[in-house]
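A quick write-up on the structure given underneath.
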Amino acid sequence: MNKIVGKEYFSENVIKFEVEAPLIAKSRKAGHFVMVKVGAKGERIPLTIADADISKGTITLVVQKMGVSSSKLALLNIGDEITDLVGPLGKATHIENFGTVVCACGGVGTAPMLPIVDALKKAGNKVITVLAARNKDLIILEDQMKQHSDEVIVMTDDGSYGNKGLVTNGVEMVINREKVDMCVTIGPAVMMKFVSMLTKKYDIPTVASLNTIMVDGTGMCGACRVTVGGKVKFVCVDGPEFDAHLVDFDEMLMRLGGYKDIEREEMERFDCHV
Amino acid sequence: MPNLAEERAQAWREELRNTMKAKERTSLTRVHMPELDAEYRSHNKEEVNLGLTSEMAMLEAKRCLDCANPTCMDGCPVSIYIPKFVKQIEVGDFLGAAKTLKETSALPAVCGRVCPQEKQCEAQCIHVKMKKQPVAIGHLERFAADYERESGNISVPEVAAPNGIKIAVVGSGPAGLSFAGDMAKLGYDVTVFEALHEIGGVLKYGIPEFRLPNVIVDVEIDNLRSMGVKFVTNCIVGKTITLEDLKEDGFEAMFVGSGAGLPRFMSIKGENFVGVMSSNEYLTRVNLMDAASSESDTPVFKGKHVAVIGGGNTAMDSVRTARRLGADRAMIVYRRSEAEMPARLEEIKHAKEEGIEFMNLRNPIEFIGNEQGRVTHMVLQEMELGDPDASGRRSPVEIPGRTETIEVDEVIVSVGVSPNPLIPQTVGGLQISKWGTIMVNQDTMQTDIPMLFAGGDIVRGGATVILAMGDGRKAATAMHEWIQSQQK
Ligand SMILES: Cc1cc2nc3c(=O)[nH]c(=O)nc-3n(C[C@H](O)[C@H](O)[C@H](O)COP(=O)(O)OP(=O)(O)OC[C@H]3O[C@@H](n4cnc5c(N)ncnc54)[C@H](O)[C@@H]3O)c2cc1C
Ligand SMILES: Cc1cc2nc3c(=O)[nH]c(=O)nc-3n(C[C@H](O)[C@H](O)[C@H](O)COP(=O)(O)OP(=O)(O)OC[C@H]3O[C@@H](n4cnc5c(N)ncnc54)[C@H](O)[C@@H]3O)c2cc1C
Ligand code: SF4
Ligand code: SF4
Ligand code: FES
């Protein structure tokens with residue numbers, strides 16, 4: 001049981017939690033994640049550790065409401081307990097001073113990108129964050145990203161805010177403008193696939209943080225497996241970050257869709273109860 | 001260790017032996033374990049075996065000859081004092097029988113249910129040499145343990161006065177639990193750290209409810225709690241806390257029972273199609289996460305044509321689970337013949353009764369999927385048995401050109417597990433075998449790092465509950481001696 005000691009809304013669907021977890025606060029590094037389970041019959045879902053305060057013994061999670069499990073978490077308040085929380089899991093992000101780094105994120109990837117942007121900036125990089133969404137209402141964490149980035153470029157599909165276009169248009173704009181040494185991308189698999197194709201064309205090393213389906217998050221089940229450079233890898237222990245140019249995104253996309261129908265049914269049931 | 005000859009010479013045993021001629025005893029037929037109807041049980045998770053009645057148990061106990069040289073004990077990896085507990089059952093002293101069991105086994109209700117008796121104790125019973133069915137030692141063991149639990153008179157073992165020495169245990173499977181119990185008895189301050197949110201290891205996330213109900217395991221865990229053992233769930237040693245942290249916290253020694261939790265795949269074409277998964281994933285979803293119930297947020301596929309690859313207990317558990325989740329065809333695909341299957345005989349028998357199809361001497365070589373990436377078919381290579389291999393089993397050889405394609409919508413890969421790599425990776429200075437197991441002194445279970453002992457599947461690779469438990473007990477005895485020698 002881990003007590004929630006802070007809750008703040010970044011937007012209607014994005015919530016920052018501060019949670020008591022002294023051991024994890026002490027041992028975590030940027031890029032690590034935790035598995036969280038809400039309720040006795042809850043699902044175990046992965047969430048990136050956005051920040052930690054060792055002296056207070058707390059970690060910060062930024063949650064975006066997607067389906068049942070993230071919504072259940074979002075309903076919790078200060079003083080409530082998260083039933084189960086375990087970590088830190090995964091390999092820490094490789095952070096160094098690369099020079100100029102473009103961080104391309106959107107959708108489910110925006111929250112987990114925040115700590116990486118922060119760490120890259122602290123390591124001395126020039127960080128340009130490209131934040132993408134379908135429309136203005138879906139742009140999240142813009143202010144937080146601005147705090148840690150040298151520049152934030154907002155892209156919307158319909159042009160309702162920032163520049164009109166896809167995340168790749170934003171990244172290409174930067175590439176055409178200045179020398180980019182490194183690219184990090186987190187978001188829906190399709191998005192990461194196109195960012196990866198683009199940066200490959202320009203020969204820019206690119207890291208993708210893969211958000212596959214997970215069950216245990218400790219290397220025990222293989223639900224999170226992806227093919228990287230022709231080899232099968234477990235995202236929870238070998239990742240979550242990989243060389244994007246080697247990732248088989250088509251396979252990953254296919255596997256992500258696996259439980260869509262069941263999840264939709266569960267969400268409908270959940271909505272009826274709330 | 002009791003003096004077997006002396007105990008056997010006690011008056012009550014002597015008298016009991018004389019109440020019936022050996023010939024009469026051996027001519028009795030072996031008890032039949034009452035079980036749920038196969039059709040009924042194929043649709044729920046109720047325990048299949050119902051347990052013996054007192055009358056049945058006492059009658060079965062009569063079959064045991066109380067041998068002067070009880071060979072059955074040689075077959076039991078922890079040398080349970082079999083004739084004594086069986087004779088206690090014969091005279092109706094069921095609580096006494098349970099106590100005898102507990103002198104050697106930390107989890108008799110579990111072992112009575114899941115030990116491969118036909119390869120262990122029962123294989124060595126004198127009846128087998130006389131071409132008769134062995135005494136149903138496993139059934140009797142389960143009976144005595146269940147009787148004790150249901151009577152509410154569980155004897156909490158005597159615990160020595162606390163000695164204040166802190167001991168850490170990594171993993172709460174049978175190895176860790178039995179180790180913890182023995183150390184608590186000796187007065188140590190024991191804390192068990194478990195990575196998952198539930199205590200019990202494979203007993204909880206792997207072996208299904210219809211074979212080993214969770215309540216049975218929970219009673220044992222409560223027992224340990226009442227002996228003062230502390231449990232910390234959601235804590236991964238090596239990640240959440242390190243060995244160094246534990247030392248700083250004052251832990252003086254540690255036992256690693258982290259198991260063999262890593263699934264193996266076959267590396268064949270199409271293995272990453274949706275619907276193809278490891279038995280660990282499938283069983284974890286259903287057992288640990290209760291995914292089949294509507295209250296659970298965790299999803300699970302309920303395939304109609306389910307193929308399970310493998311012939312071990314894990315494969316049987318998976319295929320029988322698939323049946324219970326509504327599969328019309330639930331199939332075992334195994335590359336050797338039934339005689340080579342490592343699964344317990346009872347599991348194979350129960351699976352057949354439940355309508356599981358056995359496709360033996362077949363090996364999958366490719367999975368085929370549809371446009372959405374879901375598995376739809378599987379190509380099987382027909383095999384025949386060749387010469388015996390290193391394991392002594394006849395090895396499967398391909399019959400060239402003989403393949404068949406069958407329809408499947410779910411495939412569960414159950415071809416083995418590897419040792420959990422976390423402790424070997426994060427603790428420097430351990431000697432690791434080429435299979436990734438931790439190397440220990442076989443007599444003491446001590447590793448190259450003196451304060452660190454290990455046992456169970458992390459040392460043996462995938463083994464059995466009773467072996468894991470035996471390791472835990474051996475390690476406890478040796479660690480106690482080691483700690484005492486340090487203090488001198
Ligand atoms: C290593 C890792 C770190 C993560 N960190 C964070 C984080 O810091 N903050 C955060 O909000 N989320 C994060 N996620 C994603 C988060 O785990 C999922 O959003 C969550 O599991 C969704 O569960 P749910 O039951 O609410 O939704 P579900 O019912 O599982 O899904 C609802 C819908 O979202 C889609 N979806 C679900 N999961 C993903 C995914 N991983 N990628 C793309 N689409 C998906 C589904 O297809 C479905 O249509 C992370 C994922 C991984 C693997
Ligand atoms: C489906 C299935 C069916 C089986 N059926 C039978 C059977 O019928 N009869 C039989 O005798 N055997 C059977 N076995 C085998 C038997 O279950 C195992 O041999 C036995 O459980 C091994 O015990 P263990 O204590 O070594 O490890 P486990 O039971 O695997 O427990 C290890 C525990 O350690 C935890 N852990 C790992 N690393 C860490 C860490 N770093 N920090 C904290 N915790 C950690 C794990 O989460 C796990 O809970 C079966 C196995 C499976 C999978
Ligand atoms: S513990 Fe297992 S092997 Fe030993 S007597 Fe009991 S059932 Fe037989
Ligand atoms: S070998 Fe068989 S008959 Fe003899 S003591 Fe053991 S169980 Fe009884
Ligand atoms: S989530 Fe189970 S192995 Fe990665």
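In the text below, chain A, chain B and the rest are named by the order of the sequence lines, each starting its count at 1.
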Kindly check if the number of other-residue, nucleotide or ligand heavy atoms within 6.0 Å of [atom1] ([X]) is above 12?
X	atom1	value
A:E12	CD	no
A:K200	NZ	no
A:K29	NZ	no

For residues [X] and [Y], determine if any side-chain heavy atom of one lies less than 4.5 Å from a side-chain heavy atom of the other.
X	Y	answer
A:M35	B:H197	no
A:M220	B:Y205	yes
A:C221	B:M277	no
A:K26	B:T242	no

Exercise. Can you tell which part of A:R28 gets under 4.5 Å to a heavy atom of chain B, answering side chain, backbone, both or neither?
Key: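 Interface part for A:R28: neither.
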Quiz item: With a 4.5 angstrom heavy-atom cut-off, which part of A:R255 approaches chain B: side chain, backbone, both or neither?
Solution: both
At a heavy-atom separation under 4.5 Å, does [X] approach chain A through its side chain, its backbone, both, or neither?
X	result
B:I241	side chain
B:F265	side chain
B:D290	side chain
B:N420	neither
B:V375	neither

Mind ranking [options] by heavy-atom pairs under 4.5 Å with chain A and telling me who comes out on top?
options	answer
B:A195, B:G259, B:S293, B:G373	B:G373
B:N280, B:V274, B:N272	B:N272
B:E271, B:Q372, B:R285	B:R285

Approximate separation, where rounding is to 0.5 Å, of [X] [atom1] and [Y] [atom2]:
X	Y	atom1	atom2	answer
A:T83	B:N234	OG1	CG	9.5 Å
A:D84	B:L196	CG	CG	10.0 Å
A:M254	B:R374	CE	CZ	10.5 Å
B:T233	A:L85	OG1	CG	11.0 Å
A:D216	B:T284	CG	OG1	6.5 Å
A:I45	B:T298	CD1	OG1	10.5 Å

Quiz item: Of the listed residues (A:A21, A:P88, A:A40, A:G217), which shares the most heavy-atom pairs with chain B below a 4.5 Å separation?
Solution: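 Going by pairs under 4.5 Å, I would pick A:P88.
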Quiz prompt | Contact leader toward chain B among A:L89, A:V215, A:V86, where contacts are heavy-atom pairs under 4.5 Å | solution =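 Counting heavy-atom pairs under 4.5 Å, the top option is A:V86.
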Quiz item: Which atom pair, heavy atoms only, marks the closest approach of B:P263 to A:G219?
Solution: CD-O, 3.7 Å
Exercise. Without swapping roles, check the side chain of B:T240 against the backbone of A:I24 for a donor-acceptor pair under 3.5 Å.
Key: no
Quiz item: Is any side-chain N of the basic residue among B:D297 and A:K41 closer than 4.0 Å to the acidic one's carboxylate O?
Solution: no
